[in-house]
2 protein chains.
Amino acid sequence: MVKVPSIDSTDRKILGALQRDGRLSNADIAEAVALSPSPCLRRLRRLEAEGVIRGYRPQLDRCAIGLGMTVFVQVKLQDHSARSVDGFEQALLQMPAVINASTVSGSADYLLEVVVADLADYDDWVRGMQALAMVREIESNFALRAVKTGAPLPLAGER
Amino acid sequence: MVKVPSIDSTDRKILGALQRDGRLSNADIAEAVALSPSPCLRRLRRLEAEGVIRGYRPQLDRCAIGLGMTVFVQVKLQDHSARSVDGFEQALLQMPAVINASTVSGSADYLLEVVVADLADYDDWVRGMQALAMVREIESNFALRAVKTGAPLPLAGER
DNA sequence: GATGAAAGTTTCGTCCT
DNA sequence: AGGACGAAACTTTCATC
(Lines give C-alpha, C1' and ligand atoms only; values in the text may rest on other atoms or scores of the structure.)
Protein backbone atom coordinates (compact mmCIF):
# COMPACT_ATOMS: atom_id res chain seq x y z
CA MET A 1 0.00 0.00 0.00
CA VAL A 2 1.39 3.34 -1.01
CA LYS A 3 1.27 6.25 1.37
CA VAL A 4 -1.54 8.65 0.61
CA PRO A 5 -0.89 11.98 2.28
CA SER A 6 -4.59 12.82 1.93
CA ILE A 7 -4.86 16.56 1.84
CA ASP A 8 -8.09 17.88 3.24
CA SER A 9 -9.81 21.18 2.63
CA THR A 10 -8.05 22.88 5.54
CA ASP A 11 -4.67 21.79 4.19
CA ARG A 12 -5.62 23.24 0.83
CA LYS A 13 -6.50 26.54 2.48
CA ILE A 14 -3.11 26.59 4.16
CA LEU A 15 -1.37 25.91 0.85
CA GLY A 16 -3.48 28.56 -0.81
CA ALA A 17 -2.50 31.14 1.78
CA LEU A 18 1.15 30.25 1.40
CA GLN A 19 0.94 30.51 -2.35
CA ARG A 20 -0.29 34.06 -1.94
CA ASP A 21 2.63 34.79 0.40
CA GLY A 22 5.25 32.16 1.09
CA ARG A 23 6.68 34.06 4.06
CA LEU A 24 3.46 34.16 6.04
CA SER A 25 4.03 33.32 9.70
CA ASN A 26 2.13 30.47 11.25
CA ALA A 27 0.01 32.95 13.16
CA ASP A 28 -0.98 34.71 9.94
CA ILE A 29 -1.74 31.45 8.18
CA ALA A 30 -3.86 30.37 11.12
CA GLU A 31 -5.85 33.55 10.93
CA ALA A 32 -6.27 33.22 7.17
CA VAL A 33 -7.65 29.72 7.45
CA ALA A 34 -9.70 30.39 10.59
CA LEU A 35 -7.81 28.00 12.81
CA SER A 36 -5.88 28.57 15.99
CA PRO A 37 -2.10 28.59 15.69
CA SER A 38 -1.46 25.21 17.31
CA PRO A 39 -3.29 22.90 14.89
CA CYS A 40 -2.26 25.13 12.02
CA LEU A 41 1.41 24.66 12.83
CA ARG A 42 0.93 20.93 13.21
CA ARG A 43 -0.60 20.76 9.75
CA LEU A 44 2.08 22.95 8.25
CA ARG A 45 4.87 20.81 9.68
CA ARG A 46 3.12 17.68 8.46
CA LEU A 47 2.81 19.10 4.95
CA GLU A 48 6.51 19.92 5.00
CA ALA A 49 7.52 16.56 6.45
CA GLU A 50 5.44 14.62 3.93
CA GLY A 51 6.97 16.55 1.08
CA VAL A 52 3.78 18.22 -0.06
CA ILE A 53 5.70 21.43 0.54
CA ARG A 54 9.13 20.77 -0.90
CA GLY A 55 10.63 24.09 0.06
CA TYR A 56 10.28 27.83 -0.27
CA ARG A 57 11.65 30.06 -2.99
CA PRO A 58 11.73 33.74 -3.77
CA GLN A 59 10.32 34.65 -7.16
CA LEU A 60 13.09 36.62 -8.77
CA ASP A 61 12.92 39.05 -11.66
CA ARG A 62 15.14 37.29 -14.16
CA CYS A 63 16.03 40.44 -16.05
CA ALA A 64 17.07 42.20 -12.87
CA ILE A 65 19.65 39.53 -12.15
CA GLY A 66 21.01 39.58 -15.65
CA LEU A 67 19.10 36.62 -17.04
CA GLY A 68 17.28 38.38 -19.84
CA MET A 69 16.85 35.37 -22.05
CA THR A 70 14.70 32.28 -21.56
CA VAL A 71 14.85 29.50 -24.14
CA PHE A 72 12.70 26.40 -24.46
CA VAL A 73 14.85 23.66 -25.90
CA GLN A 74 13.63 20.42 -27.40
CA VAL A 75 16.20 17.66 -27.42
CA LYS A 76 16.24 14.29 -29.17
CA LEU A 77 18.75 11.67 -28.14
CA GLN A 78 20.60 9.31 -30.47
CA ASP A 79 19.15 6.30 -28.69
CA HIS A 80 17.37 5.45 -25.47
CA SER A 81 19.91 3.17 -23.91
CA ALA A 82 20.30 3.51 -20.18
CA ARG A 83 23.78 4.84 -20.80
CA SER A 84 22.59 7.68 -23.00
CA VAL A 85 19.58 8.55 -20.89
CA ASP A 86 21.40 8.50 -17.58
CA GLY A 87 24.38 10.35 -18.99
CA PHE A 88 22.22 13.03 -20.50
CA GLU A 89 20.12 13.54 -17.41
CA GLN A 90 23.21 13.68 -15.27
CA ALA A 91 24.55 16.37 -17.55
CA LEU A 92 21.31 18.32 -17.27
CA LEU A 93 21.43 18.24 -13.51
CA GLN A 94 24.88 19.80 -13.62
CA MET A 95 23.91 22.68 -15.88
CA PRO A 96 22.79 25.66 -13.80
CA ALA A 97 21.22 27.30 -16.85
CA VAL A 98 18.74 24.45 -17.14
CA ILE A 99 16.07 25.29 -14.58
CA ASN A 100 13.42 22.81 -15.72
CA ALA A 101 13.62 19.58 -17.65
CA SER A 102 11.13 16.85 -18.46
CA THR A 103 10.77 13.99 -20.79
CA VAL A 104 7.81 14.66 -23.03
CA SER A 105 5.50 13.01 -25.49
CA GLY A 106 5.72 14.06 -29.11
CA SER A 107 8.64 14.20 -31.48
CA ALA A 108 11.22 15.37 -28.93
CA ASP A 109 12.56 13.36 -26.03
CA TYR A 110 13.14 16.24 -23.63
CA LEU A 111 11.86 19.75 -23.14
CA LEU A 112 14.21 22.06 -21.26
CA GLU A 113 13.81 25.57 -19.92
CA VAL A 114 17.12 27.37 -20.15
CA VAL A 115 17.95 30.79 -18.74
CA VAL A 116 20.93 32.80 -19.94
CA ALA A 117 22.07 36.41 -20.06
CA ASP A 118 22.11 36.89 -23.81
CA LEU A 119 22.59 35.26 -27.19
CA ALA A 120 26.34 34.89 -26.77
CA ASP A 121 25.74 33.13 -23.49
CA TYR A 122 23.18 30.90 -25.15
CA ASP A 123 25.58 30.08 -27.92
CA ASP A 124 28.07 28.93 -25.31
CA TRP A 125 25.45 26.78 -23.68
CA VAL A 126 24.32 25.21 -26.96
CA ARG A 127 27.88 24.31 -27.85
CA GLY A 128 28.16 22.46 -24.58
CA MET A 129 24.95 20.63 -25.35
CA GLN A 130 26.05 19.76 -28.88
CA ALA A 131 29.26 18.38 -27.48
CA LEU A 132 27.33 15.62 -25.75
CA ALA A 133 27.62 12.49 -27.85
CA MET A 134 24.15 11.17 -26.98
CA VAL A 135 22.39 14.29 -28.29
CA ARG A 136 21.04 13.91 -31.80
CA GLU A 137 19.01 17.07 -32.33
CA ILE A 138 18.39 20.39 -30.62
CA GLU A 139 15.59 22.81 -31.38
CA SER A 140 15.55 26.18 -29.67
CA ASN A 141 12.45 28.29 -29.14
CA PHE A 142 13.14 31.65 -27.59
CA ALA A 143 10.71 33.19 -25.16
CA LEU A 144 9.84 36.55 -26.64
CA ARG A 145 7.48 37.91 -24.02
CA ALA A 146 6.22 36.49 -20.75
CA VAL A 147 2.45 36.59 -20.58
CA LYS A 148 1.97 34.72 -17.32
CA THR A 149 4.78 33.55 -15.09
CA GLY A 150 4.81 31.48 -11.96
CA ALA A 151 1.09 31.51 -11.40
CA PRO A 152 -0.02 29.68 -8.26
CA LEU A 153 -1.08 26.08 -8.70
CA PRO A 154 -4.84 25.63 -8.84
CA LEU A 155 -5.84 23.94 -5.61
CA ALA A 156 -9.54 23.32 -5.93
CA GLY A 157 -11.62 22.05 -8.80
CA GLU A 158 -10.50 25.08 -10.77
CA ARG A 159 -9.75 24.64 -14.44
CA MET B 1 17.47 56.86 -18.72
CA VAL B 2 16.00 53.66 -17.41
CA LYS B 3 16.37 52.66 -13.81
CA VAL B 4 19.12 50.16 -13.26
CA PRO B 5 18.67 48.35 -9.97
CA SER B 6 22.34 47.41 -10.09
CA ILE B 7 22.73 44.26 -8.08
CA ASP B 8 26.13 43.88 -6.49
CA SER B 9 27.89 40.78 -5.32
CA THR B 10 26.45 41.01 -1.80
CA ASP B 11 22.95 41.27 -3.20
CA ARG B 12 23.62 38.18 -5.25
CA LYS B 13 24.73 36.33 -2.15
CA ILE B 14 21.51 37.32 -0.41
CA LEU B 15 19.46 36.08 -3.35
CA GLY B 16 21.48 32.90 -3.42
CA ALA B 17 20.84 32.22 0.24
CA LEU B 18 17.14 32.86 -0.23
CA GLN B 19 16.99 30.53 -3.19
CA ARG B 20 18.35 27.78 -0.98
CA ASP B 21 15.68 28.55 1.63
CA GLY B 22 13.05 31.18 0.97
CA ARG B 23 11.98 31.32 4.61
CA LEU B 24 15.38 32.25 5.97
CA SER B 25 15.16 34.98 8.59
CA ASN B 26 17.09 38.15 8.11
CA ALA B 27 19.50 37.11 10.85
CA ASP B 28 20.22 33.85 9.06
CA ILE B 29 20.68 35.57 5.73
CA ALA B 30 23.04 38.05 7.34
CA GLU B 31 25.10 35.25 8.77
CA ALA B 32 25.15 33.41 5.45
CA VAL B 33 26.46 36.46 3.61
CA ALA B 34 28.81 37.58 6.39
CA LEU B 35 27.07 40.83 7.08
CA SER B 36 25.42 42.18 10.20
CA PRO B 37 21.63 42.11 10.28
CA SER B 38 21.06 45.83 9.81
CA PRO B 39 22.57 46.37 6.36
CA CYS B 40 21.35 42.95 5.32
CA LEU B 41 17.78 43.86 6.07
CA ARG B 42 18.16 47.16 4.24
CA ARG B 43 19.36 45.31 1.17
CA LEU B 44 16.62 42.75 1.41
CA ARG B 45 13.92 45.41 1.66
CA ARG B 46 15.45 47.24 -1.27
CA LEU B 47 15.47 44.10 -3.39
CA GLU B 48 11.82 43.55 -2.54
CA ALA B 49 10.85 47.17 -3.15
CA GLU B 50 12.63 47.30 -6.48
CA GLY B 51 10.90 44.16 -7.62
CA VAL B 52 14.03 42.07 -7.91
CA ILE B 53 12.26 39.79 -5.44
CA ARG B 54 8.69 39.62 -6.67
CA GLY B 55 7.38 37.46 -3.90
CA TYR B 56 7.83 34.16 -2.10
CA ARG B 57 6.28 30.84 -2.95
CA PRO B 58 6.21 27.36 -1.53
CA GLN B 59 7.34 24.67 -3.93
CA LEU B 60 4.48 22.21 -3.90
CA ASP B 61 4.45 18.59 -4.93
CA ARG B 62 1.96 18.70 -7.79
CA CYS B 63 1.01 15.07 -7.50
CA ALA B 64 0.31 15.42 -3.80
CA ILE B 65 -2.29 18.11 -4.47
CA GLY B 66 -3.93 16.14 -7.20
CA LEU B 67 -2.24 17.74 -10.19
CA GLY B 68 -0.62 14.68 -11.63
CA MET B 69 -0.46 15.91 -15.19
CA THR B 70 1.64 18.67 -16.72
CA VAL B 71 1.19 19.51 -20.39
CA PHE B 72 3.22 21.83 -22.59
CA VAL B 73 0.89 23.34 -25.12
CA GLN B 74 1.90 25.14 -28.29
CA VAL B 75 -0.76 27.46 -29.65
CA LYS B 76 -1.02 29.25 -32.97
CA LEU B 77 -3.51 32.06 -33.41
CA GLN B 78 -5.62 32.73 -36.48
CA ASP B 79 -4.12 36.19 -36.84
CA HIS B 80 -2.08 38.66 -34.84
CA SER B 81 -4.54 41.48 -34.65
CA ALA B 82 -4.59 43.32 -31.35
CA ARG B 83 -8.07 41.98 -30.80
CA SER B 84 -6.99 38.35 -31.11
CA VAL B 85 -3.80 38.74 -29.14
CA ASP B 86 -5.33 40.71 -26.29
CA GLY B 87 -8.38 38.48 -26.15
CA PHE B 88 -6.27 35.35 -26.06
CA GLU B 89 -3.91 36.62 -23.41
CA GLN B 90 -6.80 37.81 -21.31
CA ALA B 91 -8.27 34.34 -21.55
CA LEU B 92 -4.94 32.79 -20.49
CA LEU B 93 -4.76 34.99 -17.44
CA GLN B 94 -8.14 33.74 -16.35
CA MET B 95 -7.31 30.05 -16.67
CA PRO B 96 -5.93 28.74 -13.36
CA ALA B 97 -4.59 25.62 -15.07
CA VAL B 98 -2.21 27.75 -17.14
CA ILE B 99 0.68 28.43 -14.81
CA ASN B 100 3.16 29.76 -17.37
CA ALA B 101 2.71 31.33 -20.75
CA SER B 102 5.07 33.06 -23.18
CA THR B 103 5.13 34.10 -26.76
CA VAL B 104 7.89 32.18 -28.48
CA SER B 105 9.94 32.09 -31.63
CA GLY B 106 9.45 29.18 -33.99
CA SER B 107 6.35 27.81 -35.58
CA ALA B 108 4.03 28.36 -32.61
CA ASP B 109 2.89 31.70 -31.25
CA TYR B 110 2.58 30.69 -27.59
CA LEU B 111 3.99 28.04 -25.34
CA LEU B 112 1.88 27.27 -22.27
CA GLU B 113 2.48 25.11 -19.23
CA VAL B 114 -0.79 23.59 -18.11
CA VAL B 115 -1.40 21.56 -14.95
CA VAL B 116 -4.42 19.32 -14.55
CA ALA B 117 -5.46 16.30 -12.51
CA ASP B 118 -5.80 13.78 -15.32
CA LEU B 119 -6.63 13.26 -18.97
CA ALA B 120 -10.34 13.89 -18.49
CA ASP B 121 -9.50 17.18 -16.84
CA TYR B 122 -7.16 18.02 -19.69
CA ASP B 123 -9.81 17.18 -22.23
CA ASP B 124 -12.10 19.68 -20.52
CA TRP B 125 -9.40 22.30 -20.63
CA VAL B 126 -8.59 21.72 -24.29
CA ARG B 127 -12.25 22.06 -25.22
CA GLY B 128 -12.28 25.44 -23.54
CA MET B 129 -9.20 26.42 -25.50
CA GLN B 130 -10.62 25.15 -28.79
CA ALA B 131 -13.74 27.17 -28.15
CA LEU B 132 -11.73 30.39 -28.45
CA ALA B 133 -12.28 31.79 -31.93
CA MET B 134 -8.79 33.28 -32.24
CA VAL B 135 -7.08 29.93 -31.71
CA ARG B 136 -6.04 28.20 -34.93
CA GLU B 137 -3.98 25.26 -33.76
CA ILE B 138 -3.14 23.48 -30.52
CA GLU B 139 -0.37 20.97 -30.04
CA SER B 140 -0.07 19.14 -26.74
CA ASN B 141 3.11 17.64 -25.37
CA PHE B 142 2.64 15.74 -22.16
CA ALA B 143 5.31 15.79 -19.51
CA LEU B 144 6.13 12.14 -18.92
CA ARG B 145 8.76 12.44 -16.19
CA ALA B 146 10.26 15.41 -14.44
CA VAL B 147 14.04 15.33 -14.57
CA LYS B 148 14.73 18.71 -12.97
CA THR B 149 12.10 21.01 -11.55
CA GLY B 150 12.27 24.47 -10.16
CA ALA B 151 16.04 24.67 -10.01
CA PRO B 152 17.39 27.91 -8.57
CA LEU B 153 18.30 30.61 -11.05
CA PRO B 154 22.03 30.80 -11.76
CA LEU B 155 23.27 33.99 -10.15
CA ALA B 156 26.92 34.20 -11.08
CA GLY B 157 28.66 33.62 -14.35
CA GLU B 158 27.49 30.04 -14.17
CA ARG B 159 26.43 28.37 -17.35
C1' DG C 1 28.53 49.06 7.84
C1' DA C 2 28.72 47.36 12.88
C1' DT C 3 27.00 46.97 17.50
C1' DG C 4 23.87 46.60 21.35
C1' DA C 5 19.48 46.95 23.65
C1' DA C 6 14.46 47.09 23.78
C1' DA C 7 10.03 45.88 22.03
C1' DG C 8 7.40 42.97 19.60
C1' DT C 9 6.52 38.27 17.33
C1' DT C 10 6.87 33.63 16.55
C1' DT C 11 7.32 29.06 17.65
C1' DC C 12 6.57 25.14 20.32
C1' DG C 13 5.60 22.22 24.31
C1' DT C 14 1.90 21.05 27.24
C1' DC C 15 -2.56 20.44 28.80
C1' DC C 16 -7.49 20.59 28.23
C1' DT C 17 -11.83 20.08 25.64
C1' DA D 1 -8.43 16.78 16.07
C1' DG D 2 -8.87 21.66 17.58
C1' DG D 3 -8.04 25.28 21.09
C1' DA D 4 -5.63 27.84 24.97
C1' DC D 5 -1.83 29.11 27.68
C1' DG D 6 2.97 30.19 28.74
C1' DA D 7 7.90 30.09 28.20
C1' DA D 8 11.76 30.42 25.38
C1' DA D 9 13.77 31.86 21.30
C1' DC D 10 14.04 34.78 17.76
C1' DT D 11 13.31 38.97 14.76
C1' DT D 12 13.06 43.55 13.85
C1' DT D 13 13.87 48.20 14.78
C1' DC D 14 16.18 51.85 16.69
C1' DA D 15 19.91 54.71 18.35
C1' DT D 16 24.82 55.08 18.43
C1' DC D 17 29.61 54.39 17.09
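Numbers restart at 1 for each chain; the letters A, B, ... are given by sequence-line order, proteins then strands.
In this entry the distance linking CD1 of I14(A) with C1' of dA1(D) reads 13 Å, nearest Å. Between the C1' atom of dC10(D) and the CD1 atom of I29(B) lies a distance of 14 Å, rounded to the nearest Å. Residue L41(A) contributes atom CG, which lies 14 Å from atom P of dG3(D) at whole-angstrom precision. Put simply, CZ on R23(B) is 11 Å from C1' on dT11(C), counting in whole angstrom units. Atom P of nucleotide dC10(D) and atom CG of N26(A) are separated by 17 Å, given to the nearest angstrom.
Contact annotation for D8(A): no contact, since no heavy-atom pair falls under 4.0 Å across all strands. Heavy atoms of S25(B) sit under 4.0 angstrom from primed sugar atoms or phosphate atoms, though from no base atom.
By the 4.5 Å heavy-atom criterion applied to side chains, P58(A) and Q19(B) are counted as neighbours. You'll find the side chain of I7(A) reaches within 4.5 Å of the side chain of R12(A), heavy atoms only. Looking at R43(A) and D8(A), their side chains come closer than 4.5 Å, going by heavy atoms from C-beta outward.
For dC12(C), neither phosphate oxygen OP1 nor OP2 lies less than 4.0 angstrom from any side-chain nitrogen or oxygen of R42(A). For dG1(C), one of the phosphate oxygens OP1 or OP2 lies less than 4.0 angstrom from a side-chain nitrogen or oxygen of R43(B).
L132(B) and A91(B) make their closest contact through CD1-CB, 3.9 Å (heavy atoms, listed as atom of the first residue, atom of the second, distance).
Listed candidates were dT10(C), dT3(C), dT11(D). Nearest to the side chain of A27(B) is dT11(D). When the nucleotides dG1(C), dT11(D), dA4(D) are ranked by their closest atom to the side chain of D28(B), dT11(D) comes out on top.
Counting atom types as modelled, S38(A) pairs a side-chain N or O with a base atom of dA4(D) as donor and acceptor under 3.5 Å.
Comparing L24(A) and P39(B), the nucleotide of DNA chain C nearest to each residue sits closer to the 5' end for P39(B).
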